Amino acid sequence: MISRESKITVISGSGISKASGIPTFRGKDGLWKQYDFMELATPQAFQRDPHLVWEWYYWRLGLISQTKPNKAHLALKTLEQAGWDIVILTQNVDNLHERAGSSKVLHLHGEIFKRRCTQCLDISFWPSSEEFGIPNIPTCSKCNSNLRPAVVWFNETLDPKIVNESYSRLKETDFLLIVGTSGLVYPAANFPYIAKQENRYLEIYEFNLESTPLSSLVNRTILGPVENTLPEFVSKVIKES
Ligand code: BV8
Ligand code: ZN
C-alpha cells in the first residue's frame, strides 16, 4: 500500500473532468463527435481557417470557465494537503487540477486559457471570460500578430522541457495513477510503458469506466466513475498510512 514516503504521479485524461461537465473526446457525447477534432486540432486547420478554430476554442473556453473541479480533482488535492509528494501529468487543457488546489501540475498538451503569439511566441492569458471571442482572432500586444491557443495540436511536438520533467519524475515514482484516459494519444500513452521500463518497482493503478490498452500493463484497474473511485481510494490511503 502507499506509505507516507511514497512518491505518487498521476497521468490524467478527460475522464477526470467529465463529472465537471466537460465532454470527453471519445464516448457517445464526445467532443470528437460534434466536431472533427482531428480536423480542428491541427496547425493546418489553424492555417486554413483561424476563425473556425478560434470559434471552436471559444466554445470550449466558455464551457470550461462555467465548470468547477469535481470530487476526483479534490481527492488529489487532499492527498497533497495530507503531505504526500504528488505530481500530476495531465493531458487536459482545462485548469481544474489547479483550481482544485493541486500545486504540481504539468500540462502535457498545453493550457486552453493561455494564448501564444504565432510570431514572437509571447505567452498571455485571457484577461477574463468576457473577453473570449473579442476580437475573433486575438492579436499580440507586443508585435500585433495573430495569437493561437497555447495547446499542443496533433502533429505538433510536446514541450521538450515538460517531457523531460515528466520522464525524470516517472523514474523516481513509486505509484503511478492513470486516471480517466483512453491511452490512445501518443506520446503520452507511452509514458506508463517508459516509466515501467525505467522503474521496475513501479506500481500502476488505472482508474477508468472500462479497460483500455494500458490495462494489460497496470497492477490494478479500478473500474467505476473516477469521481467516486478516486476519493474512496484516497481516503483508504490516508486511513491506512
Ligand atoms: C506528436 C490538446 C510528434 C488540444 C490534444 C498513428 C499511430 C500512433 C500515433 C500517431 C499516429 N498518427 C499520428 C500520431 C501521433 C498523434 C497521435 O497519437 N494520434 C492518435 C490519435 C493516434 N500524436 C500527436 O500528434 C502528438 N504529437 O506525436 O508529435 C510529431 C511531430 C511532428 C510530426 C509527427 C509527429 C500530439 C498529441 C496531442 C494532441 N492534443 N489535446 C486540445 O485539447 O484542444 S489530444 C486530446 O485528446 C487530449 O489532450 C488527450 O490527450 C486526447 C484524448 O484522450 P483522453 O484524455 O484519454 O480522452 P478520451 O475521450 O480519449 O478518453 C476518456 C477516457 O476517460 C475513456 O477511457 C473513458 O472510459 C474514461 N472516462 C470517461 N468518463 C469517466 C472515465 N473514467 C472514469 N470516470 C469517468 N467518469
Ligand atoms: Zn507577438
Side-chain angles (χ1 to χ4, degrees), residues 11-33 35-46 53-54 56-61 63-64 70-73 75 89-95 107-124 138-160 162-163 177-192 205-215 221-233:
I11 294 180
S12 67
S14 65
I16 197 169
S17 297
K18 181 91 182 322
S20 297
I22 302 176
T24 58
F25 292 87
R26 286 176 183 74
K28 50 186 186 330
D29 55 355
L31 264 180
W32 292 2
K33 282 267 165 315
Y35 294 87
D36 186 346
F37 184 89
M38 304 298 283
E39 267 310 297
L40 284 173
T42 65
Q44 293 74 13
F46 188 71
V53 172
W54 264 119
W56 183 53
Y57 277 90
Y58 292 135
W59 176 72
R60 290 173 69 196
L61 275 161
L63 186 82
I64 293 169
N70 63 60
K71 288 182 293 178
H73 299 103
L89 313 179
T90 187
Q91 299 173 87
N92 301 336
V93 293
D94 64 50
N95 57 358
H107 282 270
L108 302 176
H109 295 156
E111 299 176 65
I112 198 165
F113 287 96
K114 270 187 187 166
R115 300 98 53 98
R116 188 173 68 241
C117 176
T118 52
Q119 295 311 314
C120 75
L121 307 183
D122 181 59
I123 292 285
S124 57
T139 49
C140 175
S141 56
K142 299 223 162 74
C143 74
N144 216 18
S145 312
N146 286 353
L147 300 182
R148 58 165 279 177
V151 297
V152 180
W153 281 326
F154 284 102
N155 294 328
E156 289 188 319
T157 50
L158 280 60
D159 178 340
I162 290 196
V163 174
L177 312 182
I178 304 177
V179 181
T181 180
S182 57
L184 295 171
V185 173
Y186 292 83
N190 257 338
F191 281 20
Y205 297 154
E206 179 183 36
F207 294 77
N208 204 306
L209 292 173
E210 57 197 15
S211 55
T212 72
L214 295 166
S215 302
T221 294
I222 297 154
L223 291 175
V226 68
E227 57 275 21
N228 302 338
T229 56
L230 197 50
E232 278 155 31
F233 179 84

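Nothing here was measured: the structure is a model prediction, and the numbers come from that model. In each ligand, atom 1 is the first atom listed, and ligand 1 is the first ligand listed.
F46 approaches L147 most closely through the heavy-atom pair CZ-O, 3.5 Å. Closest heavy-atom contact between F191 and I11: CB-CD1, 3.8 Å. When all heavy atoms of C140 and D122 are compared, the closest pair comes out as SG-CB, 4.4 Å. Between S17 and H73, the shortest heavy-atom distance links the atoms OG-NE2, 3.4 Å.
Only side-chain heavy atoms of R60 come within less than 4.0 Å of ligand 1; its backbone N, CA, C and O stay farther off. Counting heavy atoms under 4.0 Å from ligand 1, residue L184 touches it through the backbone alone.
Checked by distance only, ligand 1 and N92 stay at 3.5 Å or farther apart across all their nitrogen or oxygen atoms. The shortest N or O to N or O distance between G13 and ligand 1 is not under 3.5 Å. Between S14 and ligand 1, an N or O atom pair is found at a separation short of 3.5 Å. Considering backbone and side-chain N/O of W56, none are found under 3.5 Å from N/O of ligand 1. Of the N or O atoms in G180, one or more lie within a sub-3.5 Å distance of an N or O in ligand 1. Residue F25 has at least one N or O atom closer than 3.5 Å to an N or O atom of ligand 1. Checking only distances, V152 does come within under 3.5 Å of ligand 1, N or O to N or O. For ligand 1, one of its N or O atoms has an N or O atom of H109 under 3.5 Å away. Below 3.5 Å of separation, one finds an N or O of N155 facing an N or O of ligand 1.
Distances shorter than 4.0 angstrom occur between a heavy atom of G224 and an atom of ligand 1. Ligand 1 lies within reach of P225, whose nearest heavy atom is under 4.0 Å from it.
Residue contact check: W153 has heavy atoms under 4.0 Å from atoms 36 (C) of ligand 1. Residue T181 has at least one heavy-atom neighbour below 4.0 Å for each of these atoms of ligand 1: 55 (P), 57 (O), 64 (C), 65 (O), 67 (O). Under a 4.0 Å criterion applied to the non-hydrogen atoms of M38, ligand 1 contributes the atoms 21 (C). Residue Y57 has at least one heavy-atom neighbour below 4.0 Å for each of these atoms of ligand 1: 4 (C), 42 (C), 44 (O). Short contacts between ligand 1 and E210, defined as distances under 4.0 Å to a heavy atom of the residue, involve ligand atoms 69 (O).
Identified under the salt bridge (Lys or Arg N to Asp or Glu O under 4.0 Å) test for residues 144-155, with sequence neighbours left out: R148-E156.
Geometry at the Zn ion (ligand 2): SG/C117 and SG/C143 form an angle of 100°, nearest 10 degrees.
When the options K18, Q91, E156, E111 are ranked by their closest heavy atom to atom 50 (C) of ligand 1, first place goes to Q91.
By the 30° and 60° cut-offs, the orientation of the rings of W56 relative to F37 is perpendicular. Ring geometry for W54 versus Y58: interplanar angle under 30°, hence parallel rather than tilted (30 to 60°).
Although no hydrogens or angles enter the test, the distance criterion places no donor-acceptor pair under 3.5 Å between the side chain of S20 and the main chain of I22.
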